[in-house]
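Bear in mind the structure is a predicted one, so any value in this text is a computation, not a measurement.
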Amino acid sequence: MSDAASVSGHSTNKAGRFVYVSGVVLLCAWVLIPLYLLLVNTLSSPEAVNSFPKSFLPGFDLGSLEFFAGFSGMLVALKNSIIVAAITMVLSILIGAPAGYALSRFEFRGKEVFRLLILLTRAFPLPLLALPLAVLFIRTGLDDTAFGLALVHTTLAVPFAVLITFSLFSGIPLELEEAAWTLGCTRLTAFTKVVLPLILPGITASAIFAFVISWNEVFAAAVLTIENRTLTAFLLQTLSESPLHLKFAGGFILVVPALVFIFAVRKYLFAMWGIANR
Amino acid sequence: MAVIEIKNVAKRFGEYQALQDINLTIEDQEFMVLLGASGCGKSTLLRIICGLETATEGEVWIGGKRVDHLPPKDRGISMVFQNYAVFPHLTVFENIAFGLRMKKLPDDEVTRRVERTAGLMHIDQLLQRYSGELSGGQRQRVAVARALAMEPDVILMDEPLSNLDALLRMEMRAELKGVLAESNTTAIYVTHDQVEAMSMADRISVMHKGEIVQAASPIEVYRNPAAEFVAGFIGNPPMNFLPAAPAGSGQWHVAGQVIEGPQVDRALRFAVRPEDVRPAETGLTAVARIVEPLGAHLLVTCDIEGEMFRAVLDSDLAIRSGDKLILAPQPDRVRWFDPETTKAVA
């Protein structure tokens with residue numbers, strides 16, 4: 001955009017730059033201001049959060065976070081969230097990475113359809129599936145367990161795991177594997193000695209993304225668990241009766257890991273979208 | 001110490017016949033070049049020998065052992081790839097040592113072999129670098145060193161020089177030839193570059209549309225092409241062809257001239273290389289169309305009875321576009337082809 005503007009003269013150049021810069025500023029503000037307010041209120045004392053007028057500078061008071069940690073059930077919910085997300089992470093890589101490898105390395109009938117179907121799993125809204133799932137889970141005894149919820153989260157995360165690992169494997173020339181085969185490797189040792197070291201950072205990214213998907217998911221968590229609620233479901237449940245500073249602290253605890261992780265793996269997400277857009 | 005025998009090998013990709021009925025024996029320590037245009041099946045044949053591709057039909061024997069059902073690692077071969085395939089997560093040292101470590105050789109033997117082959121390929125200064133820190137030429141050296149360090153019976157190379165620039169390619173060509181001659185391995189080298197093929201090979205197999213058209217020494221392929229395809233593919237500029245009509249008892253009408261040829265009673269094609277004609281008093285009447293001075297020679301593209309004819313002449317000759325030339329073909333260099341089978345006629 002700035003390239004085109006620089007060709008068409010000084011005044012349009014200036015105007016183009018103005019639009020560009022203000023666009024960037026607006027988008028950043030849209031994302032950053034709520035985050036900032038969240039941060040300010042989390043790091044203020046409960047009294048400051050509930051008082052008026054509000055301060056726009058954080059008080060660096062851990063009162064709200066202490067209250068959050070002390071709130072009954074909150075730490076258990078946090079632990080549940082981590083367990084479910086960890087199981088989701090492991091399962092979606094175990095299922096997604098081999099699928100991604102197969103998509104990138106083998107030619108088989110229905111490959112394109114399969115790729116489309118993977119995306120289509122995201123086309124069904126979870127509320128539609130929630131009731132049948134709940135019934136099924138109660139029958140099989142999976143209801144209200146971390147594993148059961150992780151299964152649902154895995155189905156949500158697998159499409160992304162497949163697409164990310166597919167693009168990772170596609171980025172590794174087949175010739176590297178072939179060279180390993182000619183140098184004494186079997187298919188398996190070529191994978192572990194050559195492919196795996198090369199895609200490990202990407203696999204980690206994909207795993208983290210699965211973790212974040214599970215971490216952020218609220219609907220299935222709220223429907224399928226009662227005692228063993230995850231943090232999102234627990235916060236949703238207590239939202240109406242809990243004090244303001246608890247909401248802020250909970251929101252902050254939810255947002256920060258997701259934000260940090262996504263920021264860390266952004267390079268690989270772009271790669272996935274680049275492939276998915278084709 | 002390995003003779004390679006390829007017996008009745010065919011390869012189909014679905015409906016597409018990539019290779020048909022390939023029979024070829026490559027002698028121990030021979031340097032065989034598979035030469036052909038892209039899509040002729042030369043890489044497929046190499047990959048079948050290597051074990052990266054399976055033949056639809058036929059057998060591959062290496063060193064008296066049938067190998068077509070063995071994985072690449074059990075065939076006693078090493079391969080050099082077009083894109084080098086140097087492992088980016090390993091140093092040059094570990095790249096060259098990779099296969100040796102897979103063989104579980106003792107550390108001192110690994111070090112000895114790596115240092116020897118690295119010295120041979122002049123990369124002993126680069127052993128601690130990663131592939132990303134190397135130039136294309138250096139990467140190619142690593143790939144060759146890695147293949148040589150395995151001390152294989154057979155070394156297979158798939159267009160190893162085609163990603164290098166022209167000057168480097170010429171340099172590497174000579175070096176590779178020297179290194180391979182000393183290593184006593186049988187080598188199969190795939191290329192589409194006829195200069196590479198001519199300069200390196202003990203024998204060239206010219207491939208076309210999934211078949212081997214001719215397998216012979218470079219000079220034989222050049223002087224006595226077995227088919228029109230070979231004549232037109234090898235040589236720059238390639239061989240000239242003109243229609244010939246029988247004039248009885250081994251005499252042939254070619255562009256109004258009578259030329260001696262084989263005793264056959266059907267129409268043939270007359271062929272001669274551009275450098276095997278000279279301006280003379282009698283001969284083929286040509287009109288010069290394009291004159292290209294190349295320094296050492298003059299490349300003249302002319303017109304003989306509507307057919308294009310190229311001549312490589314002495315650069316001292318003053319020839320301009322539109323000039324009439326009389327070109328006499330050197331009699332012992334004239335070849336004849338059957339237009340129906342496109343095969344050479346003696």
Side-chain angles (χ1 to χ4, degrees), chain A residues 93 97-98 100-114 164-207 264-265 267-268 270-271 274-275, chain B residues 13-14 43 46-47 49-53 67 70-91 94-105 110 130-132 139 142-160 163:
Chain A
I93 289 306
Y101 184 80
L103 274 179
S104 99
R105 285 292 188 259
F106 303 115
E107 286 302 322
F108 51 89
R109 277 164 69 112
K111 182 171 161 174
E112 291 305 307
V113 178
F114 181 67
I164 295 174
T165 53
F166 164 66
S167 77
L168 290 171
F169 287 124
S170 301
I172 292 176
L174 183 57
E175 281 177 349
L176 287 184
E177 272 183 86
E178 290 180 338
W181 299 340
T182 64
L183 291 167
C185 286
T186 60
R187 194 144 202 145
L188 183 69
T189 51
F191 185 85
T192 55
K193 286 197 177 296
V194 175
V195 179
L196 203 57
L198 290 174
I199 60 155
L200 209 54
I203 290 275
T204 313
S206 170
V265 303
K267 186 173 106 192
Y268 297 95
F270 290 147
I275 293 283
Chain B
F13 294 106
S43 286
L46 191 78
R47 291 170 63 85
I49 298 169
C50 181
L52 295 173
E53 205 87 66
V67 297
L70 297 179
K73 71 186 181 71
D74 298 329
R75 295 188 178 203
I77 49 111
S78 280
M79 178 122 166
V80 179
F81 292 83
Q82 182 175 1
N83 301 330
Y84 325 131
V86 173
F87 303 129
H89 62 299
L90 299 177
T91 59
E94 284 304 323
N95 260 285
I96 301 173
F98 188 89
L100 308 175
R101 295 211 193 281
M102 291 306 296
K103 278 189 180 173
K104 305 223 183 324
L105 293 185
V110 170
Y130 285 89
S131 145
R139 268 178 235 178
V142 175
V144 174
R146 186 174 65 183
L148 286 175
M150 297 290 284
E151 295 178 3
D153 298 328
V154 180
I155 188 161
L156 307 172
M157 285 171 280
D158 188 1
E159 310 227 8
N163 284 359

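Residue A:R187 holds its CZ atom at 14.0 Å from NZ of B:K73, rounded to the nearest 0.5 Å. Going from atom CD of A:E178 over to atom CG of B:D158 covers 9.5 Å, rounded to the nearest 0.5 Å.
Chain A forms the most heavy-atom pairs under 4.5 Å with one residue out of B:R101, B:M150, B:Q82, and that residue is B:M150. Ranking B:I77, B:L100, B:L90, B:N83 against chain A, the residue ahead of the rest is B:N83, based on heavy-atom pairs under 4.5 Å.
When all heavy atoms of B:M102 and A:G184 are compared, the closest pair comes out as CE-O, 3.6 Å. Taking both residues in full, the closest heavy atoms of B:F98 and A:C185 are given as CE2-SG, 3.6 Å, listed atom of the first, atom of the second, then distance. Of all non-hydrogen atoms in A:L176 and B:V86, the two that sit nearest each other are CD2-O, 3.6 Å. Nearest heavy atom pair, residue B:P72 against residue A:W181, reads CB-O, 3.9 Å.
Both the backbone and the side chain of A:T186 come within less than 4.5 Å of a heavy atom of chain B. Of the two parts of B:F81, only the side chain, counted from C-beta on, holds a non-hydrogen atom closer than 4.5 Å to a non-hydrogen atom of chain A.
For the pair B:K103/A:L183, no side-chain contact is recorded, criterion being any heavy-atom separation below 4.5 Å from C-beta on.
At distances below 3.5 Å, at least one donor-acceptor pair connects side-chain atoms of B:H89 with backbone N or O atoms of A:K193.
Of the residues listed (B:P152, B:C50, B:P71), the one engaging A:T182 in a side-chain contact (heavy atoms from CB on, under 4.5 Å) is B:C50, and it is the only one.
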